[in-house]
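See below for the structure under consideration.
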Amino acid sequence: MIGEILLGIFGNTIYDLIKSSLKDSLIDRDEDLIGRIHSTIEEASKQFFLKYGDQFGEPDSSFLARQSNIETIVKSMFYGNNFELATALSSKGFDGAKEVDQEALFFFTSKLFDSMMKDFRLNKIITEKNHIQESKETSNKILELLNNLVQEKQNETNPKQENFDGWTIRDAFGNESQLIEGKQYFQKFPNGLEYSFMFKAGLIYVEILDLHGQKSYYELDINGNVKGTKFPYRLSEYKLILPEDQIVHKNVIQLANGFYREVIKLKWDKQADVVYNHNGELQQINLHGGWEVKHNERIIIPSF
């Protein structure tokens, strides 16, 4: 039986489970991606059974035959799912198969990770996921950071000011001085993170140079609401998603070199003026009327 597993352990079963796991997502019809995930799971499974044989059941009765485990493996690759795969997988098989132990689980997940990182496309997805997670954690710390550097002087008559009168800022040595509106401040941390920030007319402007050398820019109000941001990824990586039932009028204008411009009017006074290159990738975008950018999914959608 062990020799036969090199011919393919699960056939199309795992492929179908992967496809089902991606149902209704933006990539549920991406046959190339599904095939790559399938190949890496097959490869890691072969390594697992070559090492452990049928100690924890055969392929169709082991923990790897459990649909929820395949779904967990797929979900672990993408943003929004930050967990340790080896501890998230169910260790139970079927038909009396012995429950797989933690050492064997870690062996399988390490082989799976190695296999995925050898695939250029899966490597890119996993690397970006890790970067996005780090960026999200960084953005959540912006106001916490600024609260440590800047102290708001509230008074009884105006408990929540709409400007920065009376605010103070601390330097690296703990010395306080009055905050100067319109002045750019800079802070560098031992781990390599760098922050440039400015307070002006009720808004906070922050630019972050992260550990990957990539810059993100934010504009927030005093309450922490984001008013503007410069995408941390190339605009060409994003997709503009427009529900057909919301489009009132769309005008397409052909430009040079295969570029084209779309001027779109949507219901409820929403407008989009976008330029695409010959590959249909975003090059310029101007939006009005309420939009939402989901950096983790690389999509731009109208907000309702």
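The basis for the numbers below is simple: all heavy atoms, side chains too, and nothing from hydrogens, waters or symmetry mates.
Atom CE of residue Met116 and atom OG1 of residue Thr109 lie 11.0 Å apart, to the nearest 0.5 angstrom. Taken to the nearest 0.5 Å, the CD atom of Gln184 stands 6.5 Å off from the OG atom of Ser196. In this structure, Thr72 OG1 and Gln67 CD are separated by 10.5 Å, a value rounded to the nearest 0.5 Å. Here the NZ atom belonging to Lys270 is positioned 10.5 Å from the CD1 atom belonging to Ile301, to the nearest 0.5 angstrom. The distance from atom CD1 of Ile264 to atom NZ of Lys250, rounded to the nearest 0.5 Å, is 5.5 Å. Note that NZ of Lys200 is 9.0 Å distant from CD of Glu181, once rounded to the nearest 0.5 Å.
In terms of modelled atom types and a separation under 3.5 Å, the side chain of Asn251 and the main chain of Val263 share no donor-acceptor contact. The backbone N or O of Gly57 sits nowhere less than 3.5 Å from a side-chain atom of Ser61 that would complete a donor-acceptor pair.
Nearest heavy-atom pair across Ala104 and Phe56 is CB-CE1, 3.8 Å. Smallest separation of non-hydrogen atoms from Arg36 and Asp32: NE-OD2, 2.9 Å. Taking both residues in full, the closest heavy atoms of Ile37 and Thr40 are given as O-OG1, 2.8 Å, listed atom of the first, atom of the second, then distance. Residue Gln178 comes nearest to Tyr185 through the heavy atom pair O-OH, 4.2 Å, listed as atom of the first residue, atom of the second, then distance. Ser91 approaches Leu105 most closely through the heavy-atom pair CB-CD1, 4.3 Å. Taking both residues in full, the closest heavy atoms of Glu262 and Tyr260 are given as OE2-CE1, 3.7 Å, listed atom of the first, atom of the second, then distance.
The shortest side-chain heavy-atom distance between Phe107 and Val100 does not fall under the 4.5 Å cut-off. Taking 4.5 Å as the limit, some side-chain heavy atom of Tyr276 sits within range of a side-chain heavy atom of Leu282. Residues Leu112 and Leu85 are in side-chain contact: their nearest non-hydrogen atoms beyond the backbone lie under 4.5 Å apart. The side-chain heavy atoms of Ile70 and His38, taken from C-beta on, include no pair separated by under 4.5 Å. Using a 4.5 Å cut-off on side-chain heavy atoms (C-beta onward), Leu179 and Thr168 make no contact. The shortest side-chain heavy-atom distance between Lys267 and Val248 falls under the 4.5 Å cut-off. For the pair Ser45/Ser62, no side-chain contact is recorded, criterion being any heavy-atom separation below 4.5 Å from C-beta on. With a 4.5 Å cut-off on side-chain heavy atoms, Glu43 and Gln47 count as touching.
A 6.0 Å sphere centred on CD of Gln55 holds more than 12 heavy atoms belonging to other residues, nucleotides or ligands.
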Query - Ile204 vs Met198, side chain to side chain contact (heavy atoms under 4.5 Å, CB included): CA-CA, chis, key distance, verdict - result: CA-CA 6 Å; Ile204 305 168; Met198 179 179 75; over 6 Å; no
**Report entry** Check against side chain to side chain contact (heavy atoms under 4.5 Å, CB included), Ile300 and Ile241
**Finding:** CA-CA 6 Å; Ile300 305 168; Ile241 308 297; over 6 Å; no
Report task. Would you please test Leu122 and Leu33 for side chain to side chain contact (heavy atoms under 4.5 Å, CB included) and show each step? Result -> CA-CA 8 Å; Leu122 300 186; Leu33 180 59; 3.5 Å; yes
Report task. Evaluate side chain to side chain contact (heavy atoms under 4.5 Å, CB included) for Leu266 paired with Trp268, printing each intermediate quantity in order. Result -> CA-CA 7 Å; Leu266 290 85; Trp268 315 115; over 6 Å; no
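Tracing side-chain contacts under 4.5 Å through hydrophobic residues (I, L, V, M, F, W, Y), one reaches Phe259 starting from Ile253; they form part of the same cluster. A single hydrophobic cluster is seen to contain both Phe113 and Leu64, as judged by linkage of ILVMFWY side chains at heavy-atom distances under 4.5 Å, directly or through other members. By the rule that hydrophobic residues join a cluster once side-chain heavy atoms approach within less than 4.5 Å of another member, Val252 and Ile285 end up as members of one cluster.
For the salt bridge (charged side-chain N to carboxylate O under 4.0 Å, His left out) condition, the pairs that include at least one residue of residues 271-280, sequence neighbours left out, are Arg261-Asp273. The list of salt bridge (charged side-chain N to carboxylate O under 4.0 Å, His left out) pairs with a residue in residues 88-117, not counting sequence neighbours, is empty.
In this pair, Phe199 and Phe197 present their aromatic rings perpendicular. The plane angle is above 60°, beyond the 30 to 60° band.
Ser236 is linked by a side-chain contact (heavy atoms from CB on, under 4.5 Å) to Arg234, Glu281, Gln283, counting only residues two or more places apart in sequence or in another chain.
Taking the six-membered ring where the residue is Trp, the centroids of Phe63 and Phe108 are separated by under 6.0 Å.
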